[in-house]
Colleague: 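Before I ask anything, here is the structure I am working with.
Note that the coordinates shown come from a computational prediction; the quantities given were computed from them, not determined experimentally. Just so it is clear: chains get the letters A, B, ... in the order the sequence lines come, proteins before strands, and each one is counted from 1. Atom set for the values below is all heavy atoms of this structure, side chains included, hydrogens, waters and symmetry mates excluded.
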Amino acid sequence: MEGLLNASSTMLFTAFILYLVATLFFGATIKEKNSEQKKSGFAGKLAITLTILGLVAQLIYFITRWMASGHAPVSNMFEFVTFLGMCLVLAFIIIYLIYKLNILGLFALPIAMIFIAYASVFPTEIAPLVPSLKSYWLYIHVTTVALGSGILFVSFVAGLMYLIRQVDQRKRDARVVSLEVVLYFIFLLLGFILISSVFSAMNYSAIFEYDLNGKRVMTEYELPAIAAPNESTLVTEGVMKPWFETPSWMQGSHAGRKFNSVIWSMVVGSALYGLTRLLLRKRVGAAISPLLKKVNPELLDEINYRAVAIGFPIFTLGGLIFASIWAQEAWGRFWGWDPKEVWALITWFFYAAYLHLRLSRGWHGEKSAWLAIIGFGIILFNLIVVNLVIAGLHSYA
Amino acid sequence: MKHIKCECGHVNPEGTVLCEACGKPIEGNQHIDGNDKKKLLNMRYEGSARRSTTFNKSIVDKVWSFFSSVKVGVWLIVIALIASGIGTILPLEQYIPANAISRDPAIFYPETYGLFGKVYYQLGFHNLYSSWWYLIILASIGVSLVICSIDRFVPLYRALKRQKAKRHESFINRQRFYSQTEVVSQEEINTVKKRLQKQRYRIKEENGHIVAEKGRFSRWGPYVNHIGLIIILIAALLRTTSFFYLSEYVWVRDGELTVIPGTDSEYYIENKKFILDTYDINDKRFKDALAKEGRIIPSNFQTNVTIFKAEEPEVIGVEEDLVKINDFEIRMNEPAKFGGYILYQQGYQINEFSKMTFKIYQLNDPEAEALGEFTVDLFDPKTEYEIDSEFRVEVVEYYPDYTLTEDQVRSKTKDSNNPAFVFNLYPPGSEDAEISFVGDVIGSAEDLGIDTSAVDLQPMGNVIGSFAPSIDPTGENQYRILIDSIEFDRKSGLSIKRDYTIPFFVLGTLIFMIGVIQGMYWQHRRIWIHPKKEGILLAAHTNKNWFGLKKDIEKVIDGTSIQMVEEQKEDD
């Protein structure tokens, strides 16, 4: 058992490294003359091969962890987000095989890696399934949702590339600033991953006691407490004293701890961003944009739309239809207006609106690219905020 | 109706933008699809005559135009999207947690979320998804789906059916993909034709004019999926009626036989045993996660039941006979199905107090001999208990489900989940009562670290009972009342459903998925070859995936003198 689990972790790490190396080779294809021609150069072939090898490694991680735990590893935040990263890679490979656009890998793989790194912030122990999750629909529903989301993420990647390529960086207007804000959010996520990994490597722990619904409960901080839980006392000795308390209107279990994580992400992410700006001496968008000069923006727009066209039916199937069938099996109601369900519906509404807007003139290109970014934001909101902040059937942490 | 005759001889209905047969832009109608200001033709719906863009005089016309507009449809979707989002900011009324201050929404929202909660409640957002305005939004989307589909499907179908291979030159050269080749041999055209057929294009020819077409059926995808959605909306409407949808809930104690609500007393249920299994904290696989979680994790909720059917007695007035239907093991995700009803494992209560026995002791008595005892049946508590005609105990307050919140004592529910009492004890011969508070066994068990939602208290209840507080608020009491023994019940919560709308939902969903896949995974591609003098004009159109169409064209003209199509762009 231990051996299997260790092998599993090793394979996940291997996959991560392979994706990293593949990204570098995708980067190397920029120097090749025809970045979007049918015949891919050596670097491009090597890069896609490495990506496929990485996916195979991650599949081995998935299978071995399944064998070790006895259930498909999609049952908690760590497992699900890791799987989502894997689906993004799979979706990228599918789109790559259609369009043979090397530079897509330079953007898609790092996003997949961010997902995998973000997943590792959550507890990685194999957790038992509660009775409501004991159903083969868990596998069917979750894997289909993840695959659909993964494909929709490709539309985000293409949209982001489109904007970096097309938005004129010479003058500072709303579009330039908005694009920079999107990039800044990626830095915040990186900041969160970085600081969490550092303190988790140090085994940092600070325990607070506070009252929740008339009961004394404890919460463990794995980052030094800047914001303590509302009306709490620090139990652990020899750790940093909190600077202030989380306001009382922030509800829910571990609200203080989550708020504290947000503060840390802001601080570290902003520092990372600031440092990058200092080194680049220009906006991050402006720094990346020359890499994309040779890419045909129409092709990026097409990939953006195509990914939605392919991903939307799969997302509908997994996120709404299979979800309803399972809910019917488990609770006898296929729809219950649970926040997670509602946000799946919102995602569906949003992409349905996107597909209808594509019918009109004037919504292609830049507007579509912005829509793809908002869509990605909605899916992430459902993944992160709804799971971790709004309590409901899917609350994991 | 005014008909418009095109120069090709085809008679088009009023409002046509592009001739159904040859595609020639019809003079005077170009503003409808915005072609007058553009170089490229707007190919949506093939430039066919739609009711919504043709007539705009009567109110019916105006309503029709309103709901058939994609713009309005998108706005409706966006409004539904935002409204749905608002409904998730705070929990819905049905999701107010059991341990909340109050389950009364008028108290819960303001108390928990302050002013924002109060406004949220007053606006009715705690039941947003069943509010009249939310339903109107959804209904409008439904109306829009129907009108949009009819408005476009019929003329589009006509136009695609009547299209001819021979197209007007002004149709060809205003396509997005277009090229001109001066000299092309017939041989080369034949090669192209063969290759097109190999790629499964259907070819139609007319005096050397060729149209190659494939995937036309994908054009019907949107209309098919809209039909599916309409069926789903109708099913949702039906589900609000009690004939189509029945939902009830029943609590059954271990060993109890009771009628199943909602079945017109036709079915009875006997709870043989409720089973709660938990994960072993020493389980090799899960011990790390269980240790981190720090509480017991259930692995199975199960009720073993027998279902009976009541047979009408032959003689009126005689009690009806119960005929056994079957034994079931109901678990999460494994409901029991019988006679059109489905029973789901929904809840449980393993430590429901049924009886509590109290003993009276003299305070500071070293031998601690009981002076009297009395038993309270918690399903039928009395107001007063006489004990061997010596002591008399008056029940002043009874909290079946005691809780203490911010210095306020109250009962969370009416169920005896955690009883607590305030007694007036009248010693023998005395008219003056002593007040004592006894109860909150669950509170003391939790203080001892026992997870009372997962652990049976039955065997240890008596011991824990002796830890439960017995408080003398005055400090002048001579006697005290202690819990001697407790009896618990286990009960299982089962929900009963009967839903005749399911087949409609399944049908609607199926049709929707077929339509979506049809529309998204296939594309309608057409390639036109228009002979001109020695050479040809080549044009192509698709509703999506231009990249794929381009690759098709590259393949078929490979090695011939035909020019690859260029992507024509608007000048602006």
Colleague: Could you look at Leu81(B) and say if it's the side chain, the backbone, both or neither that has a heavy atom under 4.5 Å from chain A?
Modeller: both

Colleague: Under the ring pair (Phe, Tyr, Trp, His ring centres under 6.0 Å) test, which residues partner Tyr221(A), sequence neighbours left out?
Modeller: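 Tyr221(A) satisfies ring pair (Phe, Tyr, Trp, His ring centres under 6.0 Å) with Phe208(A) only.
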
Colleague: Test side-chain contact (heavy atoms from CB on, under 4.5 Å) on Ile126(A) and Asp288(B) and set out the steps.
Modeller: CA-CA 8 Å; Ile126(A) 290 181; Asp288(B) 291 347; over 6 Å; no

Colleague: Find out whether Val386(A) and Thr88(B) are in side-chain contact, i.e. whether some heavy atom of one side chain is under 4.5 Å from a heavy atom of the other.
Modeller: no

Colleague: Among Tyr245(B), Phe116(B), Phe301(B), Trp75(B), which residue forms the greatest number of heavy-atom pairs with chain A at distances under 4.5 Å?
Modeller: Phe301(B)

Colleague: Determine the option with the most heavy-atom pairs under 4.5 angstrom with chain B, choosing from Trp137(A), Phe334(A), Phe350(A).
Modeller: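 Most heavy-atom pairs within the cutoff with chain B belong to Phe334(A).
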
Colleague: Would you check if Pro131(A) and Asn333(B) make a side-chain contact, meaning some heavy-atom pair closer than 4.5 Å?
Modeller: no

Colleague: So which part of Gln94(B) gets closer than 4.5 Å to some heavy atom of chain A, the side chain, the backbone, both or neither?
Modeller: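 Contact with chain A involves the side chain of Gln94(B) alone.
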
Colleague: Would you say the side chain of Trp331(A) lies within less than 4.5 Å of the side chain of Lys497(B), judging by non-hydrogen atoms?
Modeller: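 Answer no - side chains too far apart.
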
Colleague: With chain A, which of Pro298(B), Gly87(B), Pro222(B) has the greatest number of heavy-atom pairs at distances under 4.5 Å?
Modeller: Pro298(B)

Colleague: Using heavy-atom distances under 4.5 Å, tell me whether Gln328(A) contacts chain B through its side chain, its backbone, both, or neither.
Modeller: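 Gln328(A) touches chain B through backbone and side-chain heavy atoms alike.
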
Colleague: Are Lys134(A) and Met332(B) side-chain neighbours, meaning at least one heavy-atom pair lies under 4.5 Å?
Modeller: no

Colleague: With a 4.5 angstrom heavy-atom cut-off, which part of Asn545(B) approaches chain A: side chain, backbone, both or neither?
Modeller: both

Colleague: Please report the interatomic distance CG(Leu4(A)) to CZ(Arg285(B)), rounded to the nearest 0.5 Å.
Modeller: 10.0 Å

Colleague: Thr452(B): what forms a side chain to side chain donor-acceptor pair (under 3.5 Å) with it, not counting sequence neighbours?
Modeller: Glu446(B)

Colleague: Within the structure provided, determine whether Val342(A) and Tyr129(B) are in side-chain contact (heavy-atom separation under 4.5 Å).
Modeller: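 Touching, per the 4.5 Å side-chain cut-off.
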
Colleague: Rounded to the nearest 0.5 Å, how far does OG of Ser247(B) lie from CZ of Arg333(A)?
Modeller: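 The distance works out to 10.5 Å.
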
Colleague: Which heavy atom of Ser69(A) sits nearest a heavy atom of Phe286(B), and at what distance?
Modeller: O-CZ, 3.8 Å

Colleague: Got a sec: does the CD of Glu231(A) have more than 12 other heavy atoms crowding it under 6.0 Å?
Modeller: no

Colleague: Looking only at heavy atoms, which two atoms of Ile98(A) and Lys551(B) are closest? And how far apart?
Modeller: O-NZ, 3.6 Å

Colleague: Quick one: of Gln346(B), Glu567(B), Gln345(B), who has the most non-hydrogen atom pairs under 4.5 Å with chain A?
Modeller: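 The option with the most such pairs is Gln346(B).
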
Colleague: Among Val130(A), Thr347(A), Thr124(A), Leu357(A), which residue forms the greatest number of heavy-atom pairs with chain B at distances under 4.5 Å?
Modeller: Leu357(A)

Colleague: Where on Leu343(B) is there a heavy atom nearer than 4.5 Å to chain A: the side chain, the backbone, both, or neither?
Modeller: neither

Colleague: Do you know which of Thr278(B), Val74(B), Asp499(B) has the most heavy-atom pairs under 4.5 Å to chain A?
Modeller: Val74(B)

Colleague: Evaluate whether atom CD1 of Ile374(A) has more than 12 neighbouring non-hydrogen atoms of other residues, nucleotides or ligands under 6.0 angstrom away.
Modeller: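 Yes, because the 6.0 Å sphere around CD1 of Ile374(A) holds more than 12 heavy atoms from other groups.
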
Colleague: Side chain, backbone, both or neither: which part of Arg239(B) has a heavy atom under 4.5 Å from chain A?
Modeller: side chain

Colleague: How about Phe504(B): does its CZ atom have over 12 heavy atoms from other parts shown lying under 6.0 Å from it?
Modeller: no

Colleague: How long is the gap from CG on Asp338(A) to OH on Tyr95(B), to the nearest 0.5 Å?
Modeller: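 Atom-to-atom, Asp338(A):CG and Tyr95(B):OH are 5.0 Å apart.
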
Colleague: Drop me the distance from Lys71(B)'s NZ to His356(A)'s NE2, to the nearest 0.5 angstrom.
Modeller: 15.5 Å

Colleague: Let me confirm one number: the CD1-CH2 distance from Ile77(B) to Trp348(A), rounded to the nearest 0.5 Å.
Modeller: 7.0 Å

Colleague: Heavy-atom cut-off 4.5 Å, strictly under: side chain, backbone, both or neither for Leu355(A) against chain B?
Modeller: side chain

Colleague: How many angstroms lie between CG in Leu359(A) and CZ in Arg44(B), if you round to the nearest 0.5 Å?
Modeller: 5.5 Å

Colleague: Between Phe505(B) and Trp335(A), does the ring centroid distance fall short of 6.0 Å?
Modeller: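 No, ring centres 6.0 Å or more apart.
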
Colleague: Which atom pairs, donor and acceptor, lie under 3.5 Å between side-chain atoms of residues 302-313 of chain A and protein residues at least two apart or in another chain?
Modeller:
residue   : atom : partner   : partner atom : Å
Glu302(A) : OE1  : Trp546(B) : N            : 3.4
Glu302(A) : OE1  : Phe547(B) : N            : 3.4
Glu302(A) : OE2  : Trp546(B) : N            : 3.1
Glu302(A) : OE2  : Phe547(B) : N            : 3.1
Asn304(A) : OD1  : Tyr354(A) : OH           : 2.7
Asn304(A) : ND2  : Ser368(A) : O            : 3.3
Arg306(A) : NH1  : Tyr99(A)  : OH           : 3.2

Colleague: Under 4.5 Å, heavy atom to heavy atom: which of residues 319-327 of chain A reach chain B? Give them by number, or say none.
Modeller: Ile321(A), Trp326(A)

Colleague: Is there side-chain contact between Leu290(B) and Glu125(A), with at least one heavy-atom pair below 4.5 Å?
Modeller: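 A side-chain contact is absent here, since even the closest heavy-atom pair is not under 4.5 Å.
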
